[in-house]
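These notes concern the structure reproduced below.
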Amino acid sequence: LNEYALYGETAAAYFDDPDPAVRARALQASLSVYDWMNDPRDGPSVEVFRRAVNDPDYLVRHIAAGYPELLPGASP
């Protein structure tokens, strides 16, 4: 288990919370620990991002919209 996965799993765990403010913060934390240098395009942060794109809460979707490069099919 590498450090990225450990940190990513910790932040991602809170994305299932029913409170949209908690989900928004979990998304922000997940994006903060994402391995941008190596850009693995997988792992807990990317999974949270993919779910956030369709979240029922506007703020969560708005945060996700700032990271279109993580969308499936986006070029690196």
Side-chain angles (χ1 to χ4, degrees):
L1 185 62
N2 64 32
E3 289 179 14
Y4 161 66
L6 177 62
Y7 290 125
E9 288 290 342
T10 301
Y14 291 94
F15 195 75
D16 290 326
D17 196 283
D19 184 341
V22 174
R23 289 195 310 277
R25 187 65 187 121
L27 173 59
Q28 290 172 323
S30 291
L31 291 167
S32 293
V33 299
Y34 181 69
D35 186 1
W36 291 100
M37 182 173 286
N38 295 314
D39 195 19
R41 294 190 178 263
D42 65 0
S45 295
V46 175
E47 179 59 30
V48 164
F49 172 79
R50 289 180 177 155
R51 291 173 52 204
V53 170
N54 297 313
D55 194 87
D57 185 71
Y58 170 79
L59 177 60
V60 175
R61 292 191 315 272
H62 180 73
I63 294 167
Y67 297 88
E69 63 273 18
L70 289 178
L71 285 172
S75 58

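- Each salt bridge (Lys or Arg N to Asp or Glu O under 4.0 Å) pair with one or both residues in residues 17-30, not counting sequence neighbours, appears once here: Arg23-Asp55.
- The hydrophobic clustering, which links ILVMFWY residues whose side-chain heavy atoms are closer than 4.5 Å, places Leu31 and Tyr14 apart.
- The minimum heavy-atom distance linking Leu59 with Ala24 is given by the pair CD2-CB, 4.0 Å.
- Checked against side-chain hydrogen bond (donor to acceptor under 3.5 Å, both in side chains), Arg51 has the following partners two or more places apart in sequence or in another chain: Asp16.
- Taking every heavy atom of both residues into account, Ala26 and Phe15 meet most closely at CB-N, 3.7 Å.
- Heavy atoms only, all atoms of each residue included: Phe49 and Ala64 are closest at CE1-O, 3.0 Å.
- Residue Leu27 is not grouped with residue Val22 when hydrophobic side chains (ILVMFWY) are merged at heavy-atom distances under 4.5 angstrom, including chains of intermediate members.
- By the criterion of side-chain heavy atoms lying less than 4.5 angstrom apart, applied directly or through intervening Ile, Leu, Val, Met, Phe, Trp or Tyr residues, Tyr67 is grouped together with Val46 in one hydrophobic cluster.
- Contact detail for Val60 and Pro20: the closest heavy-atom pair is CG2-O, 3.7 Å.
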